[in-house]
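Positions are given from 1 along the sequence. Just so it is clear, the values below take in all heavy atoms, side chains as well, and ignore hydrogens, waters and symmetry mates.
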Amino acid sequence: MMNRFNRWQAVIFAAIFIGYAAYHINRKSFTYLMTFILDDTNLDKKDLGIVTSSITLSYAFSKFASSIVSDSVSPRFQFASGLIIVGLCTLQFSASSNITTFAVVYFINGLGQGSGWPPCVKFLKQWYSPSQLGFLWSVLSASGNVAGITGPLLLPYLAVTYGWRTAMWCAGVAAITIACIVGATIQNKPSDVGLTLNEDGEMSKSAKTSEEDEETSESNEVSKQEHDANLLGKENSERTLESRNEKSDSGYAEPEQKKDGLSSHTKKSGKKDQLLNNDRIKRRKSPSKNSARKNALKSLKTKDEPKRSTKKDVFGSPFLWIIAFLFFMVRFIANSCEDWSQLYLVQEKGFPVTIGSTFLSTHAIGAVFGSISSGYITDRLVAKHGILKRGSARYSLVIMMFAINVCAIHCFRSYVTRESSLSFVHLLAVLMGACQYSCFSIYGVLVVEHSPSHLTGTSHGMCALFANLGGVMAGYPMSYLSKQYDWSTVYLCVELASLMSLVTLLLTRNIPSTIGRRGKQRKD
């Protein structure tokens with residue numbers, strides 16, 4: 001049976017999975033319907049490049065800016081509002097016809113797209129334990145692949161049946177509807193619903209501590225009432241003694257012995273009065289003493305606690321810049337393989353176009369498998385070794401994957417010929433896709449895992465910006481290099497970049513991995 005906390009975790013993950021898939025479909029809807037738009041409008045291939053470049057450019061910088069903003073804005077609001085903007089842009093696109101409007105609307109679409117992934121990072125960090133983070137990160141990343149499978153099938157079907165404008169209109173309406181449902185369903189963090197997350201990812205109700213506090217306060221109240229009752233009894237006894245003294249003063253005669261006894265008794269009652277007054281004074285002073293002690297303890301705790309990390313501390317962390325560099329390299333490598341492998345096989349190796357297309361498909365299949373499996377495997381390693389202050393338990397798998405990637409790219413560049421077995425060619429595609437995207441997924445987990453909770457968006461946004469720059473480097477610079485030399489030279493650069501990444505991983509596997517301010521280490 002799922003407890004309340006597990007049910008919330010399931011709802012949160014399902015909502016952001018579906019929501020991010022909606023982001024992806026609306027980002028790629030123009031690509032899926034490109035042939036239908038060409039037939040219906042006067043656009044040419046150059047215009048298509050302008051439209052696609054407009055969303056790529058705005059998305060790169062919007063994702064970085066949104067990552068920084070996510071540290072100070074509600075992730076629920078950011079995720080839902082961004083998806084609404086994306087849906088509205090898709091609706092406007094379906095009603096437009098000229099290249100200028102297409103480019104401007106798609107540029108705004110890219111700005112809204114930047115609000116998709118950073119809130120997902122915050123949700124994963126707030127709602128799930130470190131031992132779950134890698135696997136769930138990988139599965140959530142695969143939501144884009146799920147959208148990439150369903151989008152090219154569903155939208156063209158709607159375009160054939162009802163027209164491309166109706167197909168795009170449906171995508172926009174679906175995005176807005178999903179955004180409203182997600183915004184009304186999810187919560188920013190467990191404390192918003194009275195829950196907290198333990199280190200093991202188990203539920204810990206804050207209500208339990210509040211109940212214990214209430215029981216303690218009730219017991220204190222009872223003891224206080226008993227103490228007040230005792231004091232009241234003492235005051236009543238004092239009043240009876242005072243009444244007796246008044247009677248004696250009013251002329252009531254008693255034997256000499258009783259008078260002496262009474263005088264001694266009044267002396268004792270006077271001492272009692274003095275003791276009671278002293279006791280009251282002590283009780284009045286005791287709360288101030290207790291508060292002073294509490295303040296002293298708080299001051300000692302604040303002196304011992306490390307200061308909260310700032311963005312300056314985050315940007316000054318060497319580990320963040322190393323991961324950002326590795327992000328740049330792996331995105332450059334992956335995009336080069338995805339963008340130019342088909343032309344390399346067809347133009348330089350003499351394979352038919354169908355083989356180039358199936359190579360890309362098998363590369364994508366390997367990417368899905370590598371992303372999900374790497375998250376699951378590294379989560380088991382983190383559960384066993386914990387989050388380390390130097391390096392990471394996830395590093396071992398990344399190093400192994402990049403070593404395989406170097407070998408696969410070298411074989412692809414040096415040993416693939418027209419006479420090569422198709423099974424061998426597709427095996428290399430699967431290996432490259434699995435290795436590249438497993439590393440890409442783990443790098444994202446490393447950044448979030450070792451960053452302060454209140455600055456995870458900033459850290460991840462920095463690395464995402466470097467990754468997008470790597471994608472840019474894999475575009476025009478590599479096509480220009482192929483014109484000057486050949487495609488083998490391009491893949492020589494890709495192979496060298498893979499080797500450089502492997503060397504970087506080996507040299508930095510034991511460096512301090514804390515992103516932000518490091519607290520004082522205790523002496524053993």
Within the 6.0 Å centroid threshold, strictly below: Phe359 and Phe351: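 Centroid distance Phe359-Phe351: not below 6.0 Å, so no.
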If I take atom [atom1] from residue [X] and atom [atom2] from residue [Y], how far apart are they, to the nearest 0.5 angstrom?
{"X": "Met401", "Y": "Ile442", "atom1": "CE", "atom2": "CD1", "answer": "7.0 Å"}
{"X": "Gln78", "Y": "Asn188", "atom1": "CD", "atom2": "CG", "answer": "10.5 Å"}
{"X": "Leu505", "Y": "Met400", "atom1": "CG", "atom2": "CE", "answer": "12.5 Å"}
{"X": "Leu124", "Y": "Lys122", "atom1": "CG", "atom2": "NZ", "answer": "11.5 Å"}
{"X": "Leu431", "Y": "Ile404", "atom1": "CG", "atom2": "CD1", "answer": "7.0 Å"}
{"X": "Leu326", "Y": "Tyr443", "atom1": "CG", "atom2": "OH", "answer": "4.0 Å"}

Shortest non-hydrogen contact from [X] to [Y]?
{"X": "Gly87", "Y": "Asn26", "answer": "CA-OD1, 4.3 Å"}
{"X": "Val494", "Y": "Ser336", "answer": "CG2-CB, 3.6 Å"}
{"X": "Gly116", "Y": "Pro119", "answer": "O-CD, 3.5 Å"}
{"X": "Gly114", "Y": "Pro118", "answer": "O-CD, 3.2 Å"}
{"X": "Cys89", "Y": "Val105", "answer": "O-CG1, 3.1 Å"}

Pairwise side-chain contact, [X] with [Y], heavy-atom cut-off 4.5 Å (strictly under):
{"X": "Leu158", "Y": "Thr166", "value": "no"}
{"X": "Val330", "Y": "Ser501", "value": "no"}
{"X": "Val430", "Y": "Ile365", "value": "no"}
{"X": "Thr378", "Y": "Val398", "value": "no"}
{"X": "Phe325", "Y": "Met500", "value": "yes"}
{"X": "Ser66", "Y": "Ser62", "value": "yes"}
{"X": "Ser141", "Y": "Trp117", "value": "yes"}
{"X": "Cys439", "Y": "Phe402", "value": "yes"}

Side-chain donor or acceptor of [X] paired with backbone N/O of [Y] under 3.5 Å:
{"X": "Gln113", "Y": "Tyr23", "value": "yes"}
{"X": "Ser438", "Y": "Cys435", "value": "yes"}
{"X": "Ser371", "Y": "Ala367", "value": "no"}
{"X": "Ser143", "Y": "Leu140", "value": "yes"}
{"X": "Arg76", "Y": "Gln187", "value": "no"}
{"X": "Thr185", "Y": "Val182", "value": "no"}
{"X": "Tyr106", "Y": "Phe30", "value": "yes"}
{"X": "Asn109", "Y": "Thr90", "value": "no"}
{"X": "Tyr437", "Y": "Gly366", "value": "no"}
{"X": "Arg380", "Y": "Ile377", "value": "no"}

Parallel, tilted or perpendicular: rings of Phe332 and Phe328 (30°, 60°):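 The rings of Phe328 and Phe332 lie parallel, inter-plane angle below 30°.
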Parallel, tilted or perpendicular, as decided by the 30° and 60° cut-offs, for the rings of Tyr344 and Tyr491: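 Rings of Tyr491 and Tyr344: tilted, as their planes differ by 30° to 60°.
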More than 12 heavy atoms from other groups under 6.0 Å of CZ on Phe369: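 Open.
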Crowding at CZ, Phe424 (>12 non-hydrogen neighbours, <6.0 Å):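 For Phe424, atom CZ is crowded (more than 12 foreign heavy atoms under 6.0 Å).
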Candidate pair Arg27 and Val86, rule side chain to side chain contact (heavy atoms under 4.5 Å, CB included), full reasoning: CA-CA 8 Å; Arg27 184 165 67 246; Val86 168; over 6 Å; no
Side chain to side chain contact (heavy atoms under 4.5 Å, CB included) between Leu154 and Ile25, worked out: CA-CA 10 Å; Leu154 180 61; Ile25 288 179; over 6 Å; no
Test: Arg331 cationic atom under 6.0 Å from Phe466 six-membered ring centre, within 45° of axis: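 Judged by the rule (NZ or CZ under 6.0 Å from the ring centre, within 45° of its axis), Arg331 is not positioned above Phe466.
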Pair Gln436, Asn405: side-chain N/O donor-acceptor within cut-off below 3.5 Å: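 On atom types as modelled, these side chains qualify, holding a pair under 3.5 Å.
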Sole residue of Ser96, Ser94, Ser97 in side-chain hydrogen bond (donor to acceptor under 3.5 Å, both in side chains) with Arg165: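 Of all the options given, the one that passes is Ser97.
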Test side chain to side chain contact (heavy atoms under 4.5 Å, CB included) applied to Thr508 and Tyr395, step by step: CA-CA 10 Å; Thr508 61; Tyr395 247 55; 3.4 Å; yes
Residue pair Ile18, Ile178: steps toward the side chain to side chain contact (heavy atoms under 4.5 Å, CB included) verdict: CA-CA 8 Å; Ile18 296 172; Ile178 292 172; 4.0 Å; yes
